[in-house]
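Report on one structure; see the data block that follows.
Chain letters run A, B, ... following the sequence lines, proteins first and then strands; every chain starts at 1.
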There are 2 protein chains.
Amino acid sequence: MMNAVQHIEGKESSATHGCYLTLRKMILTGALPPGQKLKIEQLRGLLNTGTSPVREALSLLTSDMLVERIDQRGFRAAPVGRANFEEILLLRCALEDTALRASLANADQPWEERLVLAHHHMKTAGKKGTADFEDAHKSFHMALLSNAGLPMLERYCAQLYDLNIRYRYLAADGPRYGERSIEAEHQSILDAALERDAETAVRVLLDHYRRTGEYLSPQIKN
Amino acid sequence: MMNAVQHIEGKESSATHGCYLTLRKMILTGALPPGQKLKIEQLRGLLNTGTSPVREALSLLTSDMLVERIDQRGFRAAPVGRANFEEILLLRCALEDTALRASLANADQPWEERLVLAHHHMKTAGKKGTADFEDAHKSFHMALLSNAGLPMLERYCAQLYDLNIRYRYLAADGPRYGERSIEAEHQSILDAALERDAETAVRVLLDHYRRTGEYLSPQIKN
DNA sequence: GTCTCCAAAAATATCGATATTAATTGACAC
DNA sequence: GTGTCAATTAATATCGATATTTTTGGAGAC
């Protein structure tokens, strides 16, 4: 018998994975706010499944640093704070610097094509803030790093990307980005990557992150 | 009622955490060899507990990259390979560089004292290869980074430390370290750290890792 | 009022059983 | 022999119930 999650998500086979994806999205978007107690029974009802998949999904989210497990007192959504945000930014810069250089060092045509395509998808996807755009945006950034042949590093970067985007959602009610052109920044990153100019690509990419950081940081309370 | 794990491990409260620690050690030391299928029922018997704690522990180990989850086919100990080993080395160098510099930038007396103590414990602990020494060795390396105020980074470094030590155990039947003096290297790292000489400390630390890497890498098949 | 302590309630952690899914085996056709 | 398919076996994933632990709330002492 199919349960609700499988019905909604379609392809997904296991209840655990369905819970994982749903809970993750809820935490990332702020539907489950930082610090909130995550009661098994409540989530079990919400996700229309048993306790085991919920617990297992929460365990997995623990390692994504989106959920904290408290001794024998269950789980809660990971808290946020400026120090945490700054650390995410620092780590992203350090890791993506390494990853992008490695990716560029292995640059080849198939990768270039994947990259161009990912960029195109991002441009044609819905406006900023929509789920479509966010997916495409992540795909573009991951495509940049995807040729490094360093799967663990890519995993860390993806993890940090998600942690960072969480702060974007949390600050969604703050002031808009203003005059800054995200599109132009993406274009510059793409251009430098296609020209295999590592120095420029890294500089532009990290500037992109730091600028977003400077914009978001003051909005984070604590 | 107490179960076997609690009885053995003493303090540990939850069955899940007990399973986690035991399974982790077994994978790190090679008692559960790379690639091995990890059958729930078999582990449940071995750990003298139910299926839920075993599954949850395996989920947690998945995020430590010590266990792989295969679609709907259960779990297996993460495979090993030279490429993986080299990536671990690369990431350790990149991350510990950042962490050590940050730690030194915040250097203060309490930290110095913790560091000196950790080094002393390592020297007085049992000979290399014993569990005591290995614990003290990890503590010393973590103490170096512990003043950075970057908890996520420290977590990554600890994770990578464990992944690396796994290769040491796997290569334990290979040739001995030979003439190289690990103790002298540790002393140099400590000295540079206490003098707050970041450049030297980082150089010596990374040399320490790379030397171990050069020694281990050829022994890894595949 | 406020503190301590004990009982009641709620939540977690764990277990054992069932349903589901994958792997295995062997019969049969070619 | 070799490959395919169905029946069997084995393992996983999930459920519902129980035991354990933590939290809550309130009575009584000071």
Quiz item: What's the NE2-P distance between A:His17 and D:dT14, to the nearest Å?
Solution: 11 Å
What are the atom names and distances for every N/O pair under 3.5 Å that joins the protein to nucleotides 5-7 of chain D?
none

Quiz item: Given atom CZ of A:Phe75 and atom P of D:dT22, what is their separation to the nearest angstrom?
Solution: 15 Å
Exercise. Only counting residues at least two apart or in another chain, list the ones meeting ring-ring contact (aromatic ring centres under 6.0 Å, His included) with A:His208.
Key: A:His141, A:His186
Quiz item: Rounding to a whole Å, what distance do you find between B:Asp71:CG and C:dA23:C1'?
Solution: 14 Å
Quiz prompt | Atom pair distance, as rounded to whole Å: CG in B:Leu47 and C1' in C:dC15 | solution = 15 Å
Quiz item: What pairs with B:Tyr156 under ring-ring contact (aromatic ring centres under 6.0 Å, His included), at least two apart in sequence or on another chain?
Solution: A:Tyr156
Quiz item: Nearest-Å distance, CD1 (A:Ile70) to C1' (C:dT12)?
Solution: 11 Å
Scan the side chains in residues 143-154 of chain A for donor-acceptor partners under 3.5 Å anywhere in the protein, sequence neighbours excluded, and list what turns up.
residue, atom, partner, partner atom, Å
A:Ser146, OG, A:Arg114, NH1, 2.9
A:Ser146, OG, A:Ala143, O, 2.8
A:Asn147, ND2, A:Asn106, O, 2.7

Self-check item: Nucleotide C:dC15, atom P - distance to CZ of A:Arg55 in whole Å
Solution: 12 Å
Quiz item: Between B:Thr16 and C:dT14, is there a side-chain N or O to OP1/OP2 distance below 4.0 Å?
Solution: yes
Quiz item: Taking only residues two or more places apart in sequence, or in another chain, which ones meet B:Glu41 in a salt bridge (charged side-chain N to carboxylate O under 4.0 Å, His left out)?
Solution: B:Arg44
Quiz item: Which nucleotide in the set C:dC15, C:dA13, D:dT14 lies at the smallest distance from any side-chain heavy atom of B:Ser14?
Solution: C:dA13
Exercise. State plainly whether the residues A:Arg69 and B:Glu56 are in salt-bridge range, i.e. N to O under 4.0 Å.
Key: yes
Self-check item: Residues within residues 36-45 of chain B bordering DNA chain D, heavy-atom distance below 4.0 Å
Solution: B:Lys37, B:Leu38, B:Lys39, B:Ile40
Self-check item: Lys/Arg-Asp/Glu bridge criterion (N-O < 4.0 Å) met for A:Lys25, A:Glu134
Solution: no
Practice problem: Round to a whole Å and report the spacing from CD of A:Gln72 to P of C:dA11. | Solution: 17 Å
Quiz item: Can you name the residues that form a side chain to side chain donor-acceptor pair (under 3.5 Å) with B:Asp162, not counting sequence neighbours?
Solution: B:Arg24, B:Lys138
Practice problem: For A:Thr51 and for A:Arg73, locate the closest nucleotide of DNA chain D by heavy-atom distance; then report the residue assigned to the nucleotide nearer the 5' terminus. | Solution: A:Thr51
Atom pairs and distances, side-chain donor-acceptor, residues 77-85 of chain A, under 3.5 Å, sequence neighbours left out:
residue, atom, partner, partner atom, Å
A:Arg82, NE, A:Ser217, O, 3.2
A:Arg82, NE, A:Ile220, O, 3.4
A:Arg82, NH2, A:Ile220, O, 2.5
A:Asn84, OD1, A:Tyr167, OH, 2.7

Quiz prompt | Qualifying residues under side chain to side chain donor-acceptor pair (under 3.5 Å), relative to A:Ser139, sequence neighbours excluded | solution = none
